[in-house]
Amino acid sequence: MDPRFDLPLYTRAEVALQLGLPATTLGDWLRSGALEAGSGGRGEPTITFAGLVETHMLRQLRYAGLSLQAIGEAAIALRSRAGRHYPLAWSGLAHDGRDLLVEIAAEGREQGWERIRDSQGGLPGVLRRGSAAIGWADDGYAATLRLVIYHDVDVLVDPERAGGQPLVEGSEVRVEDVIDRVRTGATYREIAAKFNLEDFEVEALVRPHIRPPAFRKAGHPRSQADALL
């Protein structure tokens, strides 16, 4: 069993939170066929680590200007034609700003790039590959993912550590444990001392989890614990 592919570790809500996505956007992406996810009841883990990485890559590709239709068609083609599960979590892909391309050498053919939707090879232009946030394993698939919603502190997801839960890089400190401490009313300084972090690192870990002001109830006290999502 490979924990990257075979263990559903995350709920849809967790993936949306970890990647800074609206839940409705993630739902649309899953329905498009661009992503792989298992079935399960509401609130149950259905998304693997590889699925988390695919979602991260899909967001990067959308930011780069590729349409959801183009990404979905390419992903479906790779799964059906090449039997390659979780293709968006694979390092053999690139894009030219419009289409996804596959590294032909990775499929056992003469080295080059081929457009997935029509198998046209020998494509000119600048190719952009992967994501700096992904750490690649020797098999060409993602092994780790740095969560880009966190600034001023590096947060890493590794399916081999802490059950795939986000950790402060270089430590065993789970983001979830820091957030739980905030919910109990502990100050940032107390939390920093508890987990051997700097105050600014605690603030950076909490920041993506703070509820925007528009979602707070009128007259509700704005303590750091109450403001958390």
Side-chain angles (χ1 to χ4, degrees), residues 4-6 8-40 45-107 109 111-137 139-149 157 159:
R4 296 176 297 171
F5 310 110
D6 301 326
L9 299 173
Y10 315 104
T11 66
R12 292 189 181 191
E14 287 172 332
V15 168
L17 179 62
Q18 290 173 10
L19 298 181
L21 287 172
T24 52
T25 298
L26 177 58
D28 290 341
W29 289 359
L30 287 165
R31 285 189 291 273
S32 75
L35 302 173
E36 290 188 49
S39 59
T46 58
I47 299 176
T48 64
F49 169 77
L52 175 69
V53 175
E54 279 205 309
T55 309
H56 163 82
M57 276 305 307
L58 177 51
R59 184 181 64 175
Q60 299 297 104
L61 292 168
R62 294 288 289 126
Y63 284 164
L66 278 74
S67 71
L68 180 58
Q69 180 179 351
I71 299 166
E73 288 176 353
I76 291 169
L78 280 174
R79 292 187 206 116
S80 60
R81 189 177 72 201
R84 185 169 291 282
H85 291 287
Y86 298 107
L88 299 184
W90 175 51
S91 63
L93 293 182
H95 72 88
D96 59 4
R98 181 177 178 180
D99 290 296
L100 275 173
L101 313 173
V102 63
E103 191 173 13
I104 300 174
E107 298 296 331
R109 297 159 63 183
Q111 188 171 5
W113 291 93
E114 179 181 279
R115 190 161 57 204
I116 296 170
R117 64 179 170 86
D118 58 8
S119 300
Q120 179 180 342
L123 298 172
V126 177
L127 303 176
R128 282 154 282 184
R129 301 184 63 176
S131 166
I134 299 174
W136 302 103
D139 63 1
Y141 277 95
T144 61
L145 175 66
R146 179 173 51 81
L147 299 181
V148 299
I149 64 166
V157 175

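Numbers here are sequence positions counted from 1.
Contact record, Gly20 with Ile149: N-CG2, 3.6 Å, taken as the closest heavy-atom pair. When all heavy atoms of Ala143 and Arg4 are compared, the closest pair comes out as CA-CD, 4.3 Å. In terms of heavy atoms, Thr46 sits closest to Arg12 at OG1-CG, 4.3 Å. Among all heavy-atom pairs drawn from Leu58 and Ala34, the shortest one is CD2-CB, 4.1 Å. Shown here for Pro8 and Asp6, the closest heavy-atom pair between the two residues is CD-O, 3.7 Å. The two atoms that bring Ile76 and Ser32 nearest to each other are CD1-O, 4.3 Å, heavy atoms only.
Atom CG of Leu21 is separated from atom CZ of Arg62 by 11.5 Å, given to the nearest 0.5 angstrom. Here CG of Leu93 is found 7.5 Å from CH2 of Trp113. Values are rounded to the nearest 0.5 Å. Between atom CG of residue Leu147 and atom CG of residue Leu145 there is a gap of 5.5 Å, rounded to the nearest 0.5 Å. Expressed to the nearest 0.5 Å, how far CG of Leu26 lies from CZ of Arg31 amounts to 9.0 Å. Here the straight-line distance linking atom CG of Leu52 with atom CE of Met57 works out to 12.5 Å at 0.5 Å rounding. Taken from CD1 in Ile134 to CG in Leu88, the straight-line distance is 9.5 Å, to the nearest 0.5 Å.
Judged by distance alone, the side chain of Arg59 and the main-chain N or O of Tyr63 form no donor-acceptor pair under 3.5 Å. In this structure a side-chain-to-backbone donor-acceptor pair under 3.5 Å is missing from Glu73 to Ala70. At least one donor-acceptor pair under 3.5 Å links the side chain of Glu36 to the backbone N or O of Tyr86. Panel note: side chain Glu54, backbone Leu35; no donor-acceptor pair is recorded below 3.5 Å.
Considering Arg98, Gln60, His95 as possible partners of Leu66, the one that fulfils the side-chain contact (heavy atoms from CB on, under 4.5 Å) test is His95.
Shown here is Arg117, whose CZ atom has more than 12 heavy atoms of other residues, nucleotides or ligands within 6.0 Å.
At least one side-chain heavy atom of Tyr10 sits less than 4.5 Å from a side-chain heavy atom of Val157.
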Discussion item. Side chain to side chain contact (heavy atoms under 4.5 Å, CB included), that's the test. Do Ile116 and Leu78 meet it? Break it down for me.
Written reply: CA-CA 8 Å; Ile116 296 170; Leu78 280 174; 3.6 Å; yes
Worksheet item: Which is it for Ile47 and Leu9 under the side chain to side chain contact (heavy atoms under 4.5 Å, CB included) test, yes or no, and what are the steps along the way?
Response: CA-CA 6 Å; Ile47 299 176; Leu9 299 173; over 6 Å; no
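Taking the centre of each ring, Phe5 and Tyr141 come in below the 6.0 Å mark.
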